[in-house]
Amino acid sequence: MCPVLLAALASTVVTGPSLGHALESGQLHGVGEEERGRSARGGLRSALQEFPPTVVWKNTTLDWFRYTPDAGSPTVFRQRLLIFDGFWNRSTGPILMFFGGEGRCEDFYDNSGALFELAPKLGALVIFLEHRYYGDSLPFPTAAESYSNEGLRYLTVEQALADMSDVLSLKQSLLNCSDDLLSCPVVLFGGSYGGMQAAWHRLKYPHLSVGALAASAPVDIYPGEAKSAAFWNATLYTYQTYGGDEGGCAQWVSAAVVRLSAPGVDRQLLTSTFMTCAPVVSDNDVARLQLYIQGALATEAMVDYPYASTFVTPMPANPVKFACSKTAGTRPTSVDALLFESLNTIQNVFLNYTAELKCHNISAELLRFKSSPHTSSGRIKPMSMPSQGAKAAPLGDIGRPWNYMACSSLILEPLTSDGDGFFVPREDQIPEIEAACRRSFSRVTPRIHWTERSYGNGIQLARNLRNVLFSDGDKDPWRVGGMPENTSAYSLDHSVSRLLIREAAHHQDLRFADAADSRELIAARATEARAIRGWLGLA
């Protein structure tokens, strides 16, 4: 980081309510080489290695919406920012601000190379803000305190959006931007949940940025829309279209998932074939196994990148085609033993490519126990992560904080499949998930309609937003929760639009450009760059 910016961070007295007196209280802390260069991407291009950030800590208000804090509770917590200023036009250049999502900030940094390809063309500063409760930005001294039922009460979408607003409101004092209100215009970025935050921030705080790129952001997937079937069909589309074998892989996968819950299915066979950590005995055990497997397959499709990656979990290039090639002899009419063995092979390309997982723990699925869960103690246990026999996850231990968010306001987005996968549950499963939420988080009362009421559905967002570009890859099942295909038709000034990118996976447009990228993805990135330049008045 340049000496000028470091000096601003180290010595500026900031008067905002969350920063107080930075110099006297030590609320801003530059961090040196010990936190630089930590890459989770193996031999692929690494933003951490090519563009090593300066890690900055700031004190952030713990509860933005109460003026009388709880007795004995801290009022602030340390929140991490990763900053790269190697391309920045000092004090006036734009800021590319990335919303960290459900994981460690450095992993989003490392896997969002497109920002570093765009920044030198704009003279821009690049900043990634770590989401409260993830990575090292914990509100209490220990993870145990932060992830306790009591400690999780400050984990909401609204608090996270306010965290970002605090940073952006203080860009003059925090980042040494000039006092001109037009200096350092901010463009928001985010992928998946981070993309949802970027769009929602434009809705709630439009004065703090000029536009947003919301990649693979499922901002329109709510109870009552019955999108579970569409989500599964979108998953099968990826296996049909990109699995090879003339689409045969999708056909037998669909048949195998149906056979899991068929009357009279051999549950001992399910236990042994899928190597579950506890026996599959009850109907609810079968439902958990089915949700677990569908979550794994959907997320494998979601991250079907044309090159090896380790963003969610280590996987080979084109993992869907790779997995289907391992099961080429399987057909929809195959016997259960072969169908289930092949299904296990498919899911393990995503869940256990490195062979670290010793068994599949389906007990963490957010479905209500209707009978004994057959845990090792014979008792129902609250969900905790990591699960039995679990492997280390690149994004960190996100199961408990994310499922708390799902339980409170994002009910159709629970974590599944040993903390790696996601799957949209059926409408009739929502009451069971609510019951499981109350069991796992005793203080939470699910508000399953709150997010839609607060931010609106896709059409309402299109009508009320300005300068937001949504993008989805056609390989990604979460596209069914994205904006309407004709988003621009609903936009009052046509400044809100959606790109559906063929041969692209989950927010692949935010990753480094690669020789394996499709023509459609290359064209989409060019469209995004033009839109951003237009928002900045550079078109």
Which atom pairs, donor and acceptor, lie under 3.5 Å between side-chain atoms of residues 207-219 and protein residues at least two apart or in another chain?
| residue | atom | partner | partner atom | Å |
| --- | --- | --- | --- | --- |
| Ser209 | OG | Arg202 | NH1 | 3.2 |
| Ser216 | OG | His507 | N | 2.7 |

Exercise. Take Arg533 and Glu528 through the test side chain to side chain contact (heavy atoms under 4.5 Å, CB included) and record every step on the way to the result.
Key: CA-CA 9 Å; Arg533 291 185 63 86; Glu528 292 166 356; over 6 Å; no
Quiz item: Does any N or O in the side chain of Thr142 come within less than 3.5 Å of the main-chain N or O of Glu145, such that one atom is a donor and the other an acceptor?
Solution: yes
Quiz prompt | Min side-chain heavy-atom separation Arg498-Ser471 under 4.5 Å | solution = no
Quiz item: Taking the side chain as C-beta and beyond, is there a heavy-atom pair between Leu175 and Ile83 under 4.5 Å?
Solution: yes
Quiz item: Can you tell me how far the CD atom of Gln347 sits from the CG atom of Asn352, to the nearest 0.5 Å?
Solution: 9.0 Å
Self-check item: Member of Leu161, Leu465, Val468 meeting the side-chain contact (heavy atoms from CB on, under 4.5 Å) criterion with Leu203
Solution: Leu465
Quiz item: Where does the angle between the aromatic ring planes of Tyr193 and Trp402 fall among parallel (under 30°), tilted (30 to 60°) and perpendicular (over 60°)?
Solution: perpendicular
Quiz item: Counting only N and O atoms by type, is there a donor-acceptor contact under 3.5 Å from the side chain of Arg400 to the main-chain atoms of Tyr147?
Solution: yes
Exercise. Could you tell me whether Arg525 and Asp509 make a salt bridge, using a distance below 4.0 angstrom between a side-chain N and a carboxylate O?
Key: no
In residues 113-122, what donor-acceptor pairs under 3.5 Å come from side-chain atoms, sequence neighbours left out?
| residue | atom | partner | partner atom | Å |
| --- | --- | --- | --- | --- |
| Glu117 | OE1 | Ala513 | N | 3.3 |
| Glu117 | OE2 | Ala513 | N | 3.2 |

Quiz item: salt bridge (charged side-chain N to carboxylate O under 4.0 Å, His left out) between Arg153 and Asp70: does it pass, once the steps are laid out?
Solution: CA-CA 12 Å; Arg153 66 190 183 278; Asp70 294 330; 3.2 Å; yes
Quiz item: Which atom pair, heavy atoms only, marks the closest approach of Cys184 to Trp88?
Solution: SG-CZ2, 3.8 Å
Self-check item: Glu102 side, atom CD; Met405 side, atom CE - distance, nearest 0.5 Å
Solution: 8.5 Å
Quiz item: Looking at side-chain heavy atoms only, is the closest gap between Leu469 and Leu499 below 4.5 Å?
Solution: yes
Quiz item: Do any N or O atoms from the side chain of Ser91 and from the backbone of Asn176 form a donor-acceptor pair under 3.5 angstrom?
Solution: yes
Exercise. Could you tell me whether Asp85 and Arg90 make a salt bridge, using a distance below 4.0 angstrom between a side-chain N and a carboxylate O?
Key: yes
Quiz prompt | Main-chain N/O of Phe65 paired with Gln159 side-chain donor or acceptor, under 3.5 Å | solution = no
Exercise. Compute the centroid of each ring, for Phe87 and then for Phe51, and state whether the two points are separated by less than 6.0 Å.
Key: yes
Quiz item: Is there side-chain contact between Phe189 and Ile532, with heavy atoms separated by less than 4.5 Å?
Solution: yes
Quiz item: Side-chain contact, heavy-atom cut-off 4.5 Å: Leu168 with Met97?
Solution: yes
Quiz item: Measuring from Lys171:NZ to Ile127:CD1, what's the distance to the nearest 0.5 Å?
Solution: 10.0 Å
Self-check item: Donor-acceptor pair, side chain of Thr92 and main chain of Ser183, under 3.5 angstrom
Solution: no
Quiz item: Does any non-hydrogen side-chain atom of Leu81 lie less than 4.5 Å from one of Val167?
Solution: yes
Exercise. Can you label the angle between the Phe140 ring and the Tyr154 ring as parallel, tilted or perpendicular, going by 30° and 60°?
Key: tilted
Quiz item: For Pro53 and Tyr109, which heavy atoms make the closest approach, and how far apart are they?
Solution: CB-OH, 3.4 Å
Quiz item: Side chain of Tyr353, backbone of Thr313: donor and acceptor closer than 3.5 Å?
Solution: no
Exercise. For the pair Arg453 and Tyr222, evaluate side-chain hydrogen bond (donor to acceptor under 3.5 Å, both in side chains) and give the outcome as yes or no after the intermediate values.
Key: CA-CA 10 Å; Arg453 291 169 181 168; Tyr222 297 115; over 6 Å; no
Quiz prompt | Working for side-chain hydrogen bond (donor to acceptor under 3.5 Å, both in side chains), residues Glu356 and Thr354 | solution = CA-CA 6 Å; Glu356 295 177 52; Thr354 58; 3.0 Å; yes
Quiz item: Just by modelled atom types, is the His506 backbone N or O under 3.5 Å from a matching donor or acceptor in the Tyr305 side chain?
Solution: yes
Practice problem: In sequence, state the C-alpha distance, the side-chain angles, and the governing distance for Met196 and Tyr455, and then conclude on side chain to side chain contact (heavy atoms under 4.5 Å, CB included). | Solution: CA-CA 10 Å; Met196 296 160 70; Tyr455 305 107; over 6 Å; no
Practice problem: Grab the two heavy atoms, one from Ala296 and one from Leu351, that are nearest each other, plus how far apart they are. | Solution: CB-CD1, 3.7 Å
Quiz item: Quick check: are there more than 12 heavy atoms from other residues, nucleotides or ligands sitting under 6.0 Å from CG of Asp180?
Solution: yes
Practice problem: Walk me through it: do Phe512 and Asn111 pass the test side chain to side chain contact (heavy atoms under 4.5 Å, CB included)? | Solution: CA-CA 8 Å; Phe512 278 117; Asn111 288 274; over 6 Å; no
Self-check item: Side chain Glu130, main chain Ser137, donor-acceptor under 3.5 Å
Solution: yes
Exercise. Determine, stepwise, if the pair Phe128 / Val126 fulfils side chain to side chain contact (heavy atoms under 4.5 Å, CB included).
Key: CA-CA 7 Å; Phe128 283 66; Val126 178; 3.5 Å; yes
Quiz item: Any idea which heavy atoms bring Arg511 and Ser309 closest together, and the distance?
Solution: NH2-CB, 3.7 Å
Quiz item: How long is the gap from CG on Asn149 to OG on Ser440, to the nearest 0.5 Å?
Solution: 8.5 Å
Exercise. Give me the one residue out of Gln197, Met164, Gln79 that meets side-chain contact (heavy atoms from CB on, under 4.5 Å) with His131.
Key: Gln197
Quiz item: Quick one: do Arg104 and Asp107 make a salt bridge, cutoff under 4.0 Å?
Solution: yes
Exercise. Give a yes or no answer on whether the side chain of Asp304 reaches the backbone of Ala505 with a donor-acceptor pair at less than 3.5 Å.
Key: no
Quiz prompt | Separation between OG of Ser497 and CG of Asn467, rounded to the nearest 0.5 Å | solution = 10.0 Å
Quiz prompt | Value rounded to 0.5 Å, distance of OH in Tyr404 from CZ in Phe441 | solution = 8.5 Å
Exercise. Considering non-hydrogen atoms only, spot the tightest contact between Leu188 and Ala198 and give its length.
Key: CD1-O, 3.8 Å
Self-check item: Heavy-atom side-chain contact between Phe98 and Leu129 under 4.5 Å
Solution: no
Exercise. Flag the pair Lys58 and Asp166 as a salt bridge only when some basic side-chain nitrogen lies within less than 4.0 angstrom of an acidic carboxylate oxygen.
Key: yes
Self-check item: Test item: Ser146 side-chain N/O and Leu138 main-chain N/O as donor-acceptor pair under 3.5 Å
Solution: no
Practice problem: Looking only at non-hydrogen atoms, find the nearest pair between Val444 and Cys437 and report the distance. | Solution: CG1-O, 3.7 Å
Quiz item: Do Gln508 and Ile501 touch side chain to side chain, with heavy atoms closer than 4.5 Å?
Solution: no
Practice problem: Please work out which of the three classes, parallel, tilted or perpendicular, describes the rings of Phe311 and Phe108, given edges at 30° and 60°. | Solution: perpendicular
Quiz item: Any ion pair linking Glu106 and Arg80 (charged N to carboxylate O, less than 4.0 Å)?
Solution: yes
